[in-house]
**Student:** 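Let me begin by handing over the structure; questions about it come next.
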Amino acid sequence: MKALTLKPGREKSLRGHHPWVFSRACEHIPDIEDGEIVEVFSSGDAFLGLGMCSLRSQITVRMLAFERKPVPDIVRSHIEGALQLRRALFDGKKTNAYRLINAEGDRLPGLIVDKFDDVLVMQIGTAGMTRLGGSVVDILVDLLHPSWIYEKSVAASRKEEGLNPVQKTLYGTEKEPCTIMEEGLSFDVFPIRGQKTGFFLDQRPARNIVREYAHGRRVLNCFSYTGAFSVAALAGGAERADSLDISQEALNSVSTNIVRNGFEERAHTEFCASAFDFLRENPLDYDFIILDPPAFAKRRFDVPGALRGYKEINRQAIQKMPRGSFLLTASCSYHVTREMFQDMLFHAALDARRDLQIIARLGSGPDHPLNVYHPEGEYLKSFLCYVQ
Ligand code: SAH
């Protein structure tokens, strides 16, 4: 294995097990192919660990381990560790869908694997993980015996790695849709036709809290996708749960998901519209609104515009709901921090001339572990608020 050497004094973050080496920290990059694994050394020749190179990215190396071990053993042991955690979290529970591998959070940068019952959907984000993909599939087959492994590597960030989008079956037989169980509720998931891997597993804690407090309420689920929050609200005894999304294809699954869980279709209406227009133009006869938009800030540069967008939809909801309403509001923009998001809520409430209380602050669920050495892995903020 070839050696990559850091500039003097640049080994500090690796000594703290941070998994990234930036290009500006590198003194010598050996002659390698994109994605190859290298041994990383300090300028004083101390071995620091093994990592995958991305020659086109600002992040030149993503670490796999901070010890010398054969690469196949490292990958297998990280996957086993990830699986062990999920078994501790979900065995015996009424949930068979979860994030099985959460990239840096599970010590496997560039790799996301979502488990939908016996189907695995894999997202690869880096040149290094592209090379390891085949052995990852072998290990997953060996450990989990899935019926289908589908690769859905379509993230925009792949461009920075010089990678084209990839969507293909890696193992087994296609199963679209597959049916999952989340907290005893069942949903159709479309890995091929759906958004991202097919289902937004990260919002499970927020769906649970909606279910807990939705009793007797009229719920509007904005940015509903396939209606997972709507089903959770109905399961919690909501009087009605309406779903709004800009994508008709996403909305097409909402009724199926509602009916299959035994709820009546008349407790539900779908609106295919932009949430911005809908919230501005309608009186909103609801006392529980959910706002779970896509990332408005994809880059740091987008943050001011994103905050204006968040503020606009939150202000409309806060202003129009009666006293005693709930608002579940979320942001999955990594660049919008929890503090910024809370500050946006402050301005939204002030402009709406209403009092707003934060009841709960949530993030992604325990199947999205945060590596203590990689705080950058945190992105999702969901607040449950009470409007006075
Ligand atoms: N809350 C969902 C996930 C939301 S993903 C769940 O728990 O499953 C974000 C959704 O917002 C997508 O379905 C996308 O189609 C929708 N969307 C994007 N822009 C929108 C807009 N301007 N108005 C309404 N929906 C929008």
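Only this structure's heavy atoms are used, side chains among them; waters, hydrogens and symmetry mates stay out. What you see is a predicted model, and the numbers here were worked out from it, not measured in a lab. Each ligand, and each atom within it, is numbered from 1 in the order the structure gives.
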**Student:** Given Asn252 and Glu270, is the side chain to side chain contact (heavy atoms under 4.5 Å, CB included) satisfied, shown in steps?
**Tutor:** CA-CA 9 Å; Asn252 288 343; Glu270 289 148 28; 5.7 Å; no
**Student:** Scan His374, Glu376, Lys12 and name whichever one has a side-chain hydrogen bond (donor to acceptor under 3.5 Å, both in side chains) with His18.
**Tutor:** Glu376
**Student:** Test question: given the 4.5 Å side-chain rule for I, L, V, M, F, W and Y, name all other residues clustered with Tyr225, or answer none.
**Tutor:** Phe200
**Student:** Supply the members, apart from Leu380, of the Ile/Leu/Val/Met/Phe/Trp/Tyr cluster built from side-chain contacts under 4.5 Å; use none for a lone residue.
**Tutor:** Tyr334, Tyr379
**Student:** Show me a pair-per-line table, with atom names and distances to 0.1 Å, of protein N or O atoms that are under 3.5 Å from an N or O of ligand 1.
**Tutor:**
| unit_1 | atom_1 | unit_2 | atom_2 | d |
| --- | --- | --- | --- | --- |
| ligand 1 | 1 (N) | Phe223 | O | 3.2 |
| ligand 1 | 1 (N) | Asp292 | OD2 | 2.6 |
| ligand 1 | 7 (O) | Arg207 | NH1 | 2.9 |
| ligand 1 | 13 (O) | Gln195 | NE2 | 3.3 |
| ligand 1 | 13 (O) | Asp245 | OD1 | 3.4 |
| ligand 1 | 13 (O) | Asp245 | OD2 | 2.7 |
| ligand 1 | 15 (O) | Gln195 | NE2 | 3.1 |
| ligand 1 | 15 (O) | Asp245 | OD1 | 2.6 |
| ligand 1 | 23 (N) | Ala275 | N | 2.8 |
| ligand 1 | 25 (N) | Ile246 | N | 3.2 |

**Student:** Name all pairs fulfilling the ring pair (Phe, Tyr, Trp, His ring centres under 6.0 Å) condition that reach into residues 226-275, sequence neighbours left out, sorted by first residue then second.
**Tutor:** Phe271-Phe278
**Student:** Taking it one step at a time, do Ser243 and Ser230 satisfy side-chain hydrogen bond (donor to acceptor under 3.5 Å, both in side chains)?
**Tutor:** CA-CA 7 Å; Ser243 302; Ser230 309; 2.6 Å; yes
